[in-house]
Amino acid sequence: MTEPRHIVRKWVKPEDLNQHGALFGGRLLQWVDEEGAIVAVTQLGTTDVVTRHMSAVGFVSRADRGDLLELEYGVRRFGRTSVTLSCRVENAVTGEEVLTLESIVYVSVDPDGTPVAHGRTVATGGTERLRE
Ligand SMILES: CC(=O)SCCNC(=O)CCNC(=O)[C@H](O)C(C)(C)COP(=O)(O)OP(=O)(O)OC[C@H]1O[C@@H](n2cnc3c(N)ncnc32)[C@H](O)[C@@H]1OP(=O)(O)O
């Protein structure tokens with residue numbers, strides 16, 4: 001399962017930089033997780049979603065101040081309580097790969113934080129499930 005894709009863009013600003021003047025890796029992971037959670041929320045139709053697992057992280061190339069980054073998510077799999085996304089980050093201008101995560105697993109939870117079945121089996125490209 002790879003379609004539809006979800007793309008968000010981030011501009012690297014001065015407050016996002018590390019001591020070498022490049023994008024701080026932790027900031028990039030924050031973006032990847034936060035935007036991924038929003039994709040998961042739109043897929044599952046609930047805002048009660050938590051991150052359970054991330055696959056190995058490899059920072060392939062650096063991003064610098066002023067770079068425009070594209071975070072592209074795919075929906076890989078629906079489980080009983082989880083949804084698994086993939087994420088590729090690239091420079092929106094050059095297309096150079098910055099980071100790829102094979103899988104990020106988000107879990108639907110109840111108010112006590114216990115996993116609950118979400119009942120979803122098919123990906124959506126929209127936000128209509130939030131209004132169901
Ligand atoms: C958006 C954010 O930043 S949220 C903040 C960061 N995240 C958190 O604080 C979450 C902390 N973790 C937890 O509270 C708990 O681990 C929970 C509630 C998420 C899950 O509880 P668990 O006891 O692990 O539940 P369980 O073993 O049933 O797993 C839940 C789902 O995650 C999947 N899962 C669990 N571990 C993994 C793993 N290592 N890799 C892939 N999937 C996994 C399971 O397969 C299951 O999916 P399924 O129901 O679709 O088959």
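When a ligand or atom number is given, it counts from 1 through the structure's own listing order.
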**Q** Does the pair Leu71 and Trp31 meet the rule for a side-chain contact (heavy atoms from CB on, under 4.5 Å), with working shown?
**A** CA-CA 9 Å; Leu71 284 61; Trp31 291 342; 4.1 Å; yes
**Q** At less than 4.0 angstrom from any non-hydrogen atom of Gly79, what atoms of ligand 1 do you find?
**A**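 Numbered from 1, ligand 1 contributes 50 (O).
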**Q** Quick one: does ligand 1 sit under 4.0 Å from the side chain of Val50, the backbone, both or neither, non-hydrogen atoms only?
**A**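 It is both parts that get close, each with some atom under 4.0 Å.
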**Q** Counting only non-hydrogen atoms of the protein, does one fall under 4.0 Å from atom 9 (O) of ligand 1?
**A**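 No; the ligand atom in question lacks any protein heavy-atom contact below 4.0 Å.
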**Q** Relative to the heavy atoms of Pro115, which atoms of ligand 1 are at a distance of less than 4.0 Å?
**A**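 Near Pro115, meaning under 4.0 Å from one of its heavy atoms, ligand 1 has 18 (C), 20 (C), 21 (O), 25 (O).
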**Q** What distance separates Thr121 OG1 from Arg80 CZ, expressed to the nearest 0.5 Å?
**A**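 One gets 15.0 Å once the value is rounded to the nearest 0.5 Å.
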**Q** Taking the side chain as everything from C-beta on, heavy atoms only, tell me whether Thr124 gets closer than 4.5 Å to Gln43.
**A**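 Yes, side chains in contact.
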**Q** Can you check atom 47 (O) of ligand 1: any protein non-hydrogen atom closer than 4.0 Å?
**A**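 Under the 4.0 Å cut-off, atom 47 (O) of ligand 1 does have protein heavy-atom neighbours.
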**Q** Are any non-hydrogen protein atoms located under 4.0 Å from atom 36 (N) of ligand 1?
**A**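 When distances to the protein are checked, atom 36 (N) of ligand 1 has a heavy atom within 4.0 Å.
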**Q** Do any nitrogen or oxygen atoms of Thr114 lie less than 3.5 angstrom from nitrogen or oxygen atoms of ligand 1?
**A**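 No; every N/O pair is 3.5 Å or more apart.
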**Q** Does a side-chain heavy-atom distance below 4.5 Å link Leu28 with Phe59?
**A**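 Touching, per the 4.5 Å side-chain cut-off.
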**Q** Please report which non-hydrogen protein atom sits nearest to atom 32 (O) of ligand 1, along with the residue it belongs to and the distance in Å to one decimal place.
**A**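 Result for atom 32 (O) of ligand 1: Val107 CG2, 3.4 Å.
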**Q** Do Arg62 and Glu97 meet the salt-bridge criterion of a basic N to acidic O distance under 4.0 Å?
**A**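 Looking at Glu97 and Arg62, the cut-off is not met.
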**Q** As an exercise, state the distance from OG1 of Thr42 to OH of Tyr73, rounded to the nearest 0.5 Å.
**A**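 If we round to the nearest 0.5 Å, Thr42:OG1 and Tyr73:OH are 11.0 Å apart.
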**Q** Roughly how far, to the nearest 0.5 Å, is NZ of Lys13 from CG of Asp67?
**A**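 Taking CG in Asp67 and NZ in Lys13, the distance rounds to 12.5 Å.
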**Q** Protein heavy atom under 4.0 angstrom of atom 29 (O) of ligand 1, is there one?
**A**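 Within 4.0 Å: no protein heavy atom nearby.
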**Q** Starting at CD of Glu96, measure out to CG of Leu69 and round the result to the nearest 0.5 Å.
**A**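 Those atoms lie 10.5 Å apart.
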**Q** Can you measure from OG1 (Thr51) to CD1 (Ile104) and round to the nearest 0.5 angstrom?
**A**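 Here the interatomic distance stands at 8.0 Å.
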**Q** Distance check, rounded to the nearest 0.5 Å: Thr127 atom OG1 versus Ile38 atom CD1?
**A**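 Reported value, rounded in 0.5 Å steps: 12.0 Å.
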**Q** For atom 24 (O) of ligand 1, tell me which residue out of Arg80, Met54, Arg52, His53 has the closest non-hydrogen atom.
**A**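 Comparing heavy atoms across Arg80, Met54, Arg52, His53, the nearest one to atom 24 (O) of ligand 1 lies in Arg52.
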**Q** Please report which non-hydrogen protein atom sits nearest to atom 6 (C) of ligand 1, along with the residue it belongs to and the distance in Å to one decimal place.
**A**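 Nearest neighbour among protein heavy atoms for atom 6 (C) of ligand 1, to 0.1 Å: Thr51 O, 3.9 Å.
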**Q** Less than 4.5 Å apart, side chain to side chain, heavy atoms only: is that true for Pro14 and Arg65?
**A**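 A side-chain contact under 4.5 Å exists here.
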**Q** Evaluate the 4.0 Å heavy atom contact test for atom 2 (C) of ligand 1: does a protein atom fall under the cut-off?
**A**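 When distances to the protein are checked, atom 2 (C) of ligand 1 has a heavy atom within 4.0 Å.
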**Q** Just to confirm, does any protein heavy atom lie below 4.0 Å from atom 12 (N) of ligand 1?
**A**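 No; the ligand atom in question lacks any protein heavy-atom contact below 4.0 Å.
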**Q** With backbone taken as N, CA, C and O and side chain as the heavy atoms from C-beta onward, which portion of Val105 lies under 4.0 Å from ligand 1: side chain, backbone, both, or neither?
**A**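 The answer is the side chain of Val105.
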**Q** Considering the heavy atoms of Asp33, write down every atom of ligand 1 situated less than 4.0 Å from one of them.
**A**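 Contacts of ligand 1 toward Asp33, numbered from 1: 2 (C), 3 (O).
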**Q** Which of the atoms of ligand 1 are close to Gly113, meaning less than 4.0 Å from one of its heavy atoms?
**A**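 Taking each heavy atom of Gly113 in turn, ligand 1 has 18 (C) under 4.0 Å.
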**Q** Do any N/O atoms on Thr81 end up under 3.5 angstrom from N/O atoms on ligand 1?
**A**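 By distance alone, the answer is yes.
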**Q** What is the nearest protein non-hydrogen atom to atom 50 (O) of ligand 1, stated with its residue, atom name and distance?
**A**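 The closest heavy atom on the protein side is Ser82 OG, 2.6 Å.
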